[in-house]
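These notes are about the structure you will find just below.
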Amino acid sequence: MLFLFFLIACFVFVFVWDAFALYRFIWGQSSKDQVLLKRLSFLEYIFLIKIITSGTGTHTESQMTQTKIILTGYGPFRDITENPSEVIAKQVSAKIQNPSSKLHSIFSSVVDRTIAVSHKGLDAFYEEGVLNDPEVTHIVHVGVAAGVQKLHLETIAFNVKAESAVLVRSTEDQEFTDDKQNDDQVTVVVPIDASKDALQLLPSTFDLNHPRFHRFVQRNASCVTWSRDAGTYFCNEIYYRTLLNVTKEDEGDAFKKVIFVHVPLPEVLSEEQCAELIVQFLEVDAGL
C-alpha cells in the first residue's frame with residue numbers, strides 16, 4: 001500500500017512538472033528549453049520504470065533469497081533403529097528443494113536436523129543457534145505418535161519438561177499436578193520455563209484459525225486432524241522450547257511460524273503420504 005501511494009505521488013509530480021514545462025514552451029521559450037523538456041520527460045519516465053521494476057521483481061527476489069525453513073525429526077529410539085519422523089522430515093526437505101515444487105520458489109534454503117531423543121539432543125539443537133538465523137521464517141517439528149490413526153497438527157504446547165514426572169506427597173499449595181495416584185500422592189512435573197511469568201500453554205504461531213487451514217483439514221479428514229495434546233514427552237518439549245525461543249525474540253527479528261506434526265506409524269499412514277501432507281500444509285500456508 002505504501003509503495004502504491006509513492007508510485008501515484010511520482011506520477012502526479014511528473015504530470016505537474018511536464019505541464020509547467022509545456023506552459024513555458026507554449027509561451028515562447030527558447031529551443032534549449034524545448035530540448036530540456038524532452039530530456040526531463042524521458043528521464044522521469046525511465047525513473048518511474050525503475051521504481052516499478054524494483055518494487056515488483058527485485059523486491060520479490062530479495063525476499064526469496066532470505067527465506068529458510070527448518071525441518072526436524074527424531075533419531076533412533078529404543079528398538080526403533082530408523083525413526084519415521086526423521087525419514088519424513090528428510091522427504092519433505094527433498095520435495096521442497098525439487099525445482100518443480102511449488103515451494104521451491106518460496107524457500108531458498110532448507111535446514112533439516114535429526115535430533116537425539118534426549119535432553120542432550122534437544123540442548124545440542126538449541127545451542128547450534130540455527131533458530132537465531134533471521135532468514136528462518138518457518139519451523140516444522142515432526143515426531144511419531146504410536147497409536148494414532150491420522151496425522152496430527154498440534155495446536156498448542158505445554159510447559160512440561162520431558163521425563164520429569166515424579167510422585168510426591170500431596171500439599172495444598174502444590175503446583176503442576178496431574179491425576180492423583182491415591183489420597184496422599186500426586187504426580188508432579190517440572191516446567192520447562194520456571195520463570196514467574198511463564199505461560200503454561202503456547203499456541204502455534206501459524207495462523208491456524210485461517211479458513212484455508214480448516215478447508216485443508218476437511219479435504220483430508222480421513223488422514224489429518226487437529227490436536228490439542230502434544231503429550232508430555234520430548235515432542236512436546238521441543239515444541240514448547242521452540243515457541244518460547246521465537247516469542248522471546250527482539251521485535252526487529254523476522255517472525256517465525258512454528259508447528260509440531262505428530263505422524264502415525266508407517267503401517268497406518270506411509271512416510272510418503274505424511275511427507276506429502278506436510279508439503280500440502282506448507283503450500284496452503286503460502287496461499288498456493
Side-chain angles (χ1 to χ4, degrees), residues 64 66-77 80-117 121-122 125 128 130-131 133 135-146 148-155 157 204-208 210 212-213 216-217 219-220 222-227 230 234-236 238-239 241-243 246 256-288:
M64 286 169 55
Q66 296 181 359
T67 303
K68 293 181 181 178
I69 181 171
I70 297 175
L71 301 163
T72 73
Y74 284 105
F77 177 64
I80 301 176
T81 55
E82 187 178 45
N83 197 314
S85 66
E86 176 186 9
V87 176
I88 292 167
K90 291 187 179 299
Q91 286 186 1
V92 174
S93 174
K95 287 175 180 291
I96 292 174
Q97 295 179 80
N98 187 328
S100 64
S101 168
K102 295 178 183 179
L103 295 174
H104 185 71
S105 60
I106 303 296
F107 300 113
S108 62
S109 181
V110 181
V111 180
D112 61 79
R113 292 288 184 271
T114 300
I115 299 173
V117 188
L122 265 64
F125 171 69
E128 182 185 352
V130 65
L131 293 184
D133 186 342
E135 296 181 2
V136 172
T137 57
H138 292 66
I139 303 163
V140 179
H141 296 303
V142 184
V144 176
V148 301
Q149 302 299 308
K150 299 180 181 182
L151 182 146
H152 284 207
L153 298 172
E154 301 295 349
T155 57
S204 168
T205 46
F206 275 84
D207 185 14
L208 299 180
H210 197 286
R212 62 174 177 259
F213 285 117
F216 166 73
V217 173
R219 286 196 308 269
N220 299 280
S222 62
C223 52
V224 178
T225 187
W226 298 111
S227 171
F234 288 105
C235 292
N236 173 76
I238 195 173
Y239 196 13
R241 288 179 68 173
T242 298
L243 287 168
V246 301
K256 295 177 174 62
K257 297 181 178 181
V258 183
I259 194 167
F260 192 98
V261 181
H262 263 131
V263 297
L265 293 171
E267 52 266 30
V268 176
L269 197 63
S270 73
E271 294 162 347
E272 172 63 27
Q273 286 176 293
C274 291
E276 183 58 33
L277 286 168
I278 293 173
V279 167
Q280 290 177 20
F281 173 84
L282 292 170
E283 289 175 350
V284 168
D285 174 68
L288 300 176

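Only a predicted model underlies this, so the values are computations on that prediction, with no experimental measurement involved.
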Original post:
Which of these, Ile88, Val217, Ile278, Thr225, sits in a side-chain contact (heavy atoms from CB on, under 4.5 Å) with Leu151?
Top reply: Ile278
**OP:** Go through Val224 and Lys150 one step at a time and tell me if the side-chain contact (heavy atoms from CB on, under 4.5 Å) criterion holds.
**Re:** CA-CA 5 Å; Val224 178; Lys150 299 180 181 182; 5.9 Å; no
**OP:** For Asn98, enumerate each residue passing the side chain to side chain donor-acceptor pair (under 3.5 Å) test, keeping only those at least two apart in sequence or located in another chain.
**Re:** Ser100
Subject >> Pairwise distance OG(Ser270) to CG(Leu265) - rounded to 0.5 angstrom >> reply: 12.5 Å
Original post:
How long is the span from the CG atom in Leu208 to the CZ atom in Phe213, to the nearest 0.5 Å?
Top reply: 6.0 Å
Subject >> Polar contact flag, side-chain donor to acceptor under 3.5 angstrom, Gln97-Ser93 >> reply: yes
Subject >> side chain to side chain donor-acceptor pair (under 3.5 Å) partners for Ser227, two or more places apart >> reply: Glu154
Original post:
From Arg219 CZ over to Ser222 OG, what is the distance, rounded to the nearest 0.5 angstrom?
Top reply: 12.0 Å
**OP:** Could you check Ile115 against Ile238 for side-chain contact (heavy atoms from CB on, under 4.5 Å), going step by step and ending with a plain yes or no?
**Re:** CA-CA 10 Å; Ile115 299 173; Ile238 195 173; 3.2 Å; yes
Subject >> Straight-line distance of Ser204 OG to Lys257 NZ, nearest 0.5 Å >> reply: 9.5 Å
Subject >> Side-chain heavy-atom pair Asn83, Val144 within 4.5 angstrom cut-off >> reply: yes
**OP:** Apply the test side-chain contact (heavy atoms from CB on, under 4.5 Å) to residues Val130 and Ile70: give CA-CA distance (whole Å), side-chain angles for both, the deciding distance (0.1 Å), then the verdict.
**Re:** CA-CA 8 Å; Val130 65; Ile70 297 175; 3.8 Å; yes
Original post:
Should Arg113 and Glu86 be marked as a salt bridge (charged side-chain N to carboxylate O under 4.0 Å, His left out) after you check the CA-CA gap, both sets of side-chain angles, and the distance that decides it?
Top reply: CA-CA 8 Å; Arg113 292 288 184 271; Glu86 176 186 9; over 6 Å; no
Subject >> Side-chain heavy atoms of Thr242 within contact of Leu131, under 4.5 Å >> reply: yes
Original post:
Are Val148 and His262 side-chain neighbours, meaning at least one heavy-atom pair lies under 4.5 Å?
Top reply: no
Original post:
How many angstroms lie between CD in Glu276 and CG in Asn220, if you round to the nearest 0.5 Å?
Top reply: 10.0 Å
**OP:** Would you mind reporting whether Val261 and His141 have side-chain heavy atoms less than 4.5 Å apart?
**Re:** no
Subject >> Single hit among Leu288, Val279, Leu282, Ile96 for side-chain contact (heavy atoms from CB on, under 4.5 Å) with Lys102 >> reply: Leu288
Original post:
Does Thr67 use its side chain to pair, donor to acceptor, with the backbone of Phe107 at less than 3.5 Å?
Top reply: no
Subject >> Side-chain ion pair, Lys90 and Glu271, N-O less than 4.0 Å >> reply: no
Subject >> All side chain to side chain donor-acceptor pair (under 3.5 Å) counterparts of His138, not counting sequence neighbours >> reply: Asp285
Subject >> N/O donor-acceptor pair under 3.5 Å between Thr205 side chain and Val258 backbone >> reply: yes
Original post:
Is there a donor-acceptor pair under 3.5 Å between the side chain of Tyr74 and the backbone N or O of Val142?
Top reply: no
Subject >> CA sep, side-chain torsions, deciding dist, call: Val140, Phe260, side-chain contact (heavy atoms from CB on, under 4.5 Å) >> reply: CA-CA 6 Å; Val140 179; Phe260 192 98; over 6 Å; no
Subject >> Gap between atom CD1 of Ile139 and atom OG1 of Thr72 - 0.5 Å precision >> reply: 9.0 Å
